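Here's the structure, in structure tokens; my notes come after.
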Amino acid sequence: MAAMARHLITSAIPYINGIKHLGNLVGSQLPADLYARYLRARSHEVLFLCATDEHGTPAELAAAKAGKPVAEYCAEMHDVQAGIARGFALSFDHFGRSSSPQNHRLTQHFAHRLKEAGLIREVTEHQMYSVADGRFLPDRYIEGTCPNCGFESARGDQCDNCTKQLDPTDLINPRSVISGSTELELRETKHLYLRQSAMRGQLEQWILSKTEPTGEIRNGVEMIRTTWPILTTSIALKWLRDGEGLQDRGITRDLDWGIPVKDGDADWPGMEGKVFYVWFDAPIEYIACAQEWVDAGKGTDWERWWRTDKGADDVRYTQFMGKDNVPFHTLSFPATILGSGEPWKLVDYIKSFNYLNYDGGQFSTSRGRGVFMDQALAILPSDYWRWWLLSHAPETSDAEFTWENFQASVNKDLADVLGNFVSRITKFCRSKFGEVVPEGGAYGDQEQALIADLTARVAAYQAQMDAIEVRKAAAELRAIWVAGNEYLQSAAPWTTFKTDPAVAAMQVRLGLNLIRFYAVLSAAFIPDASAGLMAAMQTDDWSWPDDVAGALQALPPGHAFNVPEVTFRKITDEERADWQTRFAGIRA
RNA sequence: GGCGGCGUAGCUCAGUUGGUUAGAGCAGCGGAAUCAUAAUCCGCGUGUCCGGGGUUCAAGUCCCUGCGCCGCCA
């Protein structure tokens, strides 16, 4: 096995506005946590970071709706999201905030570097200003009648009825979505644009460095094989090459809430009162978050994770995100990093996910359709969700959540296969030998076969986890659980006990050791249940089973244990039906 | 409208660079066992690989096209 490595892991940072649904969870934070937990268990050094993404108009509006100053609203929502993250046992080394002073300084620093590199240009443009609201309005916050189809609630960027793309000035009788005011006027304003187009070649070179040629030429185009997930690379190249190609992007806005536009520590003439646009400062928070981690006293040196001139060149950096975030992570953020001309760590591997659908449709925040993270925790322990979501992660295509599938999977995998295994072996031992690991007997062919089988399966499990093949890893883990039941079924200690108690003792001892073995292997998926099993087995030996035979002797004869409470109770049909109606939301 | 993705057993999904009789889990059917959360284990899978063309000695796997579903469009 490879020597200990250092892994930097970030999850896409969730927007501050509201509580996320299960689709958001499984698209970034949860698989990131799985990977982080696994690598730590394998004794690698891990820095796992996440944060809340707090700037932008939606946060301001949500705060206004809640009747609170936006800073206060964000602070409260950050705590809410942090609490929910703890509820799902997400093991962030730090859960930061994009509104942190560290991110302010760093964002302004990057802007300065990009300006020095000639990668920022100033653009004077005209935008809709709402006199009543006292602010410029983003296109989607202007509504009016569509000039094309007459739909009365067309948005300034697009008509939801006829899907025609619009400019706010196209709308008939435009009004502010915020206040309803029709007192709108076109005002001149100046903004900064990041010259992404100038970096196209550099970005393409970097992205192609994550692929390898197959040698095949098809239709005059050389075929490539991706080392990143196909989803990641195809989205990146599409944005880079298709249509008009990579466009320059505005990185500032006329808002109050955000990071003030500055040229490093200095003022930026003409940009007073403006802030950086949220997409610019949000990914920089990945770096600032490491600074927050140090400033919070949890670490001592953030630069060895982020500066390749200060030790980060041997760090492997993995990002997790939903597919909608891929362009920002493959193009925009790398443009910021590369454009700075400084030796910042670039991402090595981007794991992206498709969407999770809910019962034949989309999860919908606005319609309250689907299960949200707080609701999920209110009805079942987090491990139930973690297991189902990870074992059904939308890796190759969009995935489907149905209550029937959820109930069946969780009951079968967790309650019947794993939970019942623990139950049957501990209770049998208690009734025949007491609550202590029994002594006597020696391995026979069955035990040797089991060890050989498990050795192969653990290797397969590790290979899938190393490759971040989440569903396949879950399937391997489940097969490892099944192997325990197969063994018990054929060894049948309840039968051997009648004729040869020593053999039965050996079989039971092995069975009890399998519980610890499973707890260690399963902890990345179901950390709380694993901790419960370890407590029941009265051990804190979390060492990874590099040697399966040795690992299955960790609990020696005479070692005391408790028969655990039901590890996973089953979901009843009544509960399923109840939840099904409760979370159906308002159908369109 | 443009672009992208998807369409494989009742359900959820695998199917690597095209190559022998298309796979897994669940559900279903049959059997074994009775330690256990009525929990386990074993056996049983012909399904138009959405339809239609094409390339090839060979296509679920490549190309074209039709249909259906979904997403994105700064």
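Each chain gets a letter, A, B and so on, in the order its sequence line appears, and its residues count up from 1. Being a predicted model, the structure only gives us computed values, none of them experimental.
Across the C1' atoms, U56(B) and G19(B) are found 12 Å apart, a figure rounded to whole Å. The gap from the C1' atom of A9(B) to that of U46(B) amounts to 10 Å, rounded to the nearest Å. Straight-line distance between the C1' atoms of C49(B) and A59(B): roughly 11 Å, to the nearest whole Å. With P as the reference atom, G51(B) and C11(B) are 16 Å apart, rounded to whole Å. The separation of A74(B) from U48(B), taken at their C1' atoms, amounts to 43 Å, rounded to a whole angstrom. With both ends at atom C1', the span from G45(B) to C13(B) equals 16 Å, rounded to whole Å. Taking the P atom of each, U61(B) and C50(B) are spaced 8 Å apart, rounded to whole Å. Using atom C1' as the reference point in both G28(B) and U16(B), the two lie 32 Å apart (nearest Å).
Nearest nucleotide to the H392(A) side chain, out of U37(B), C41(B), U12(B): U12(B). Of the candidates U37(B), A33(B), C26(B), U37(B) carries the atom nearest the S423(A) side chain, counting heavy atoms from C-beta on. Side-chain atoms of E486(A) lie closest to C41(B) of the nucleotides G25(B), C13(B), C41(B). Distances from the side chain of T495(A) to the nucleotides C41(B), U34(B), U37(B) place U34(B) closest. Out of U37(B), C35(B), C41(B), the shortest distance to the side chain of W494(A) is found at C35(B). Checking U37(B), U34(B), U40(B) against every side-chain atom of Q489(A), the shortest atom distance belongs to U40(B). Among the nucleotides G71(B), C35(B), A39(B), the one closest to any side-chain atom of K570(A) is A39(B).
Here F333(A) and F110(A) keep their ring centres 6.0 angstrom or further from each other.
Taking side-chain N and O atoms only, R471(A) has no distance below 4.0 Å to OP1 or OP2 of A24(B). For the OP1/OP2 pair of C13(B) and a distance below 4.0 Å, the side-chain nitrogens and oxygens of K472(A) include no atom meeting the criterion. The side chain of K427(A) places no N or O atom within less than 4.0 Å of a non-bridging phosphate oxygen (OP1 or OP2) of A39(B).
Between D416(A) atom CG and A38(B) atom P there is a gap of 9 Å when expressed in whole angstrom units. Protein atom CD of E469(A) is 12 Å distant from nucleotide atom P of U16(B), rounded to whole Å. The interatomic distance linking F497(A) (CZ) with A36(B) (C1') rounds to 17 Å, in whole Å. Between Q446(A) atom CD and C42(B) atom P there is a gap of 13 Å when expressed in whole angstrom units. Protein atom CD of Q127(A) is 14 Å distant from nucleotide atom C1' of A74(B), rounded to whole Å. The nearest whole Å value for the distance from the OH atom in Y487(A) to the P atom in C41(B) is 15 Å. Distance CG (L414(A)) to P (U37(B)): 17 Å, rounded to an integer number of Å. Atom-to-atom, CD of E476(A) to C1' of G25(B) comes out at 13 Å; the value is rounded to the nearest Å.
Under 4.0 Å is where a charged nitrogen must lie from a carboxylate oxygen, and between R200(A) and E204(A) at least one such pair does. Salt bridge annotation for K190(A)-E122(A): present, with a cationic side-chain nitrogen under 4.0 angstrom from a carboxylate oxygen.
With both pairing distances under 3.5 Å, A9(B) is matched to nothing as a Watson-Crick or G-U wobble pair.
Scanning atom types as modelled, no donor and acceptor separated by under 3.5 angstrom connect the side chain of E400(A) and the base of U12(B).
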| task | Please step through side chain to side chain donor-acceptor pair (under 3.5 Å) for the pair Q580(A) and E404(A), ending with a clear verdict. | result | CA-CA 9 Å; Q580(A) 210 153 14; E404(A) 289 84 355; 2.9 Å; yes
| task | Decide side chain to side chain donor-acceptor pair (under 3.5 Å) for S490(A) and Q446(A); before the verdict, give the C-alpha distance in whole Å, the side-chain angles of both, and the deciding distance to 0.1 Å. | result | CA-CA 8 Å; S490(A) 64; Q446(A) 279 188 108; 2.9 Å; yes
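Using a 4.0 Å heavy-atom criterion, one finds that A492(A) contacts no nucleic acid atom at all. T426(A) comes within 4.0 angstrom of nothing in the nucleic acid, heavy atoms only. In this structure, V482(A) reaches the sugar-phosphate backbone alone: every heavy-atom distance under 4.0 Å involves primed, P, OP1 or OP2 atoms, never a base. Base contact: F568(A) has a heavy atom under 4.0 Å from a base atom.
The ring of F428(A) does not lie on top of the base of C35(B); it is either too far (5.5 Å or more) or too tilted (30° or more).
Q319(A) and N325(A) form no side-chain donor-acceptor contact under 3.5 Å, judged by distance and modelled atom types alone.
Other residues, nucleotides and ligands place no more than 12 heavy atoms under 6.0 Å from the CG atom of D445(A).
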